[in-house]
Amino acid sequence: MVKAIIFGAPGSGKGTYASRLQSKLGIKVIATGDIFREKMKKDTAKGREIRSYVEKGLLVPDNIVIEVLKKKLAETSMGKGFILDGYPRTIKQAEALEDIAKIDVIIQLKVPDWIIIERLSARRICKNCGEIYNLRYLKPKNDMKCDKCGGPLYQRPDDTPQVIRERIKVYEQQTQPLLRYYKEKKIPFVEYRTEKLDTPPEEAVQEILNDLKKLKLV
Ligand code: ADP
Ligand code: ZN
């Protein structure tokens, strides 16, 4: 059983690597961004409230996020463990998590800003299964369709240059302090750094897996 958090700026590859770690390790990925996108599809008061933050690149308020995460963790059968992607994003969220689960490891992705902007503007996602593509570096066989399930590919409305810049700013201001928080708690870190735009995800995931093995977590 491994309980991990994956940290990285928007576009650092969190979702892409987490989904591959999920299939390799048989663990669950819990991504708050995905949960919110599901909720925003419905025209409910909650969905509209969440949208008002997400579309500006701002953080959804802690009380909403914490409630959503608690519910998700309670209804997920853990089996071999989980990776949190996109949670926690504030110290308050981290403190709430401590009451629910003990985290074994932090996976930290270090990617320069220019790579992030290049990647996000060409990112496409399958509407059906959530698989992530990039029209330049992680190309689907057909620009419009998912290789895995044939579902339609779309661009996230918050993947525009202006909102991307806001998300990077929010990440640096609000999420970076979390790294210090976990370092102070002496939680082990696995760091993955890249300076290249076209590192194949498999290569990155293999490096992360090797480090997790060294820590005897998988
Ligand atoms: P990315 O990391 O690519 O910005 P995510 O899919 O993780 O994207 O999140 C998309 C948006 O959902 C965020 O910009 C934010 O508005 C909201 N969100 C997701 N997770 C959280 C969280 N833990 N706390 C606050 N807001 C969140
Ligand atoms: Zn698909």
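Bear in mind that the values here come from a model prediction, so they are computed numbers and not experimental data. Read the numbers this way: they start at 1 and go in the same order the structure lists the ligands and their atoms. Along the sequence shown, the residues carry numbers beginning at 1.
Residues satisfying the side-chain hydrogen bond (donor to acceptor under 3.5 Å, both in side chains) test with E98, not counting sequence neighbours, are Y181. A search for side-chain hydrogen bond (donor to acceptor under 3.5 Å, both in side chains) contacts involving D34 returns R37, not counting sequence neighbours.
Residue pairs that meet the salt bridge (Lys or Arg N to Asp or Glu O under 4.0 Å) test with at least one member in residues 106-122, sequence neighbours left out, are K110-E191, E118-R136.
With respect to atom 11 (C) of ligand 1, the closest heavy atom belonging to the protein is V54 CG1, 4.0 Å. Protein heavy atom at the shortest distance from atom 20 (N) of ligand 1 is T32 OG1, 2.8 Å. The shortest contact between atom 26 (N) of ligand 1 and any protein heavy atom is with V60 N, 3.0 Å. With respect to atom 24 (N) of ligand 1, the closest heavy atom belonging to the protein is Q93 NE2, 3.0 Å.
Defined by atom type and a distance below 3.5 Å, a donor-acceptor pair is missing between the side-chain atoms of N63 and E67.
Here the side chain of T194 pairs a donor or acceptor atom with the backbone of K196 at under 3.5 angstrom. For S23 (side chain) and R20 (main-chain N/O), a donor-acceptor pair under 3.5 Å exists by modelled atom type. Side chain of D147 to main chain of K141: a donor-acceptor pair is present (N/O by atom type, distance under 3.5 Å, no hydrogens or angles).
Looking at R156 against ligand 1, only its side chain comes within 4.0 Å, counting heavy atoms. Contacts between V65 and ligand 1 below 4.0 angstrom, taking non-hydrogen atoms only, involve the side chain exclusively. The backbone of L58, and not its side chain, has at least one atom closer than 4.0 Å to an atom of ligand 1 (non-hydrogen atoms only; backbone = N, CA, C, O).
Ligand 1 places these atoms under 4.0 Å from at least one heavy atom of G86: 20 (N), 21 (C), 22 (C), 23 (N). Every atom of ligand 1 with a heavy atom of K14 under 4.0 Å away is listed here by number and element: 2 (O). Residue R37 has at least one heavy-atom neighbour below 4.0 Å for each of these atoms of ligand 1: 6 (O), 10 (C). Here is the list of ligand 1 atoms found below 4.0 Å of a heavy atom in G33: 5 (P), 6 (O), 9 (O), 19 (C), 20 (N).
Of the residues listed (L97, V105, I83), the one engaging I5 in a side chain to side chain contact (heavy atoms under 4.5 Å, CB included) is L97, and it is the only one. When each of R156, Q162, Q155 is tested with D158 by the rule side-chain hydrogen bond (donor to acceptor under 3.5 Å, both in side chains), just one qualifies, namely R156.
Taking distance alone, with nitrogen or oxygen atoms compared against 3.5 Å, F36 stays at or beyond that limit from ligand 1. Taking any N or O of D34, backbone or side chain, none lies under 3.5 Å from an N or O belonging to ligand 1. Close N/O approach between L59 and ligand 1 is not found [any backbone or side-chain N/O within under 3.5 Å]. Polar contact check, Y87 against ligand 1: no nitrogen or oxygen pair lies under 3.5 Å apart. Polar contact with ligand 1: present for R167 (N/O pair, distance under 3.5 Å). On a distance-only criterion, D158 and ligand 1 share no N/O pair closer than 3.5 Å.
The residues K41 and E38 are annotated as salt-bridged, a charged nitrogen and a carboxylate oxygen being separated by less than 4.0 angstrom. Ion pairing between R123 and D159 holds under the 4.0 Å rule for side-chain N and carboxylate O. Taking the charged nitrogens against the carboxylate oxygens, E49 and K46 have no contact shorter than 4.0 Å, which rules out a salt bridge.
A single hydrophobic cluster is not seen to contain both L59 and Y53; linkage of ILVMFWY side chains at heavy-atom distances under 4.5 Å, directly or through other members, places them apart. Residue V65 is grouped with residue I35 when hydrophobic side chains (ILVMFWY) are merged at heavy-atom distances under 4.5 angstrom, including chains of intermediate members.
Residue R89 holds the heavy atom nearest to atom 13 (C) of ligand 1 of all those in R89, R123, R51.
Within the structure, ligand 1 lacks K56 among the residues with a heavy atom less than 4.0 angstrom away.
Atoms of the protein (N, O or S only) found under 2.8 Å from the Zn ion (ligand 2) are C126 SG, C129 SG, C146 SG, C149 SG.
Ring geometry for Y182 versus F7: interplanar angle of 30 to 60°, hence tilted.
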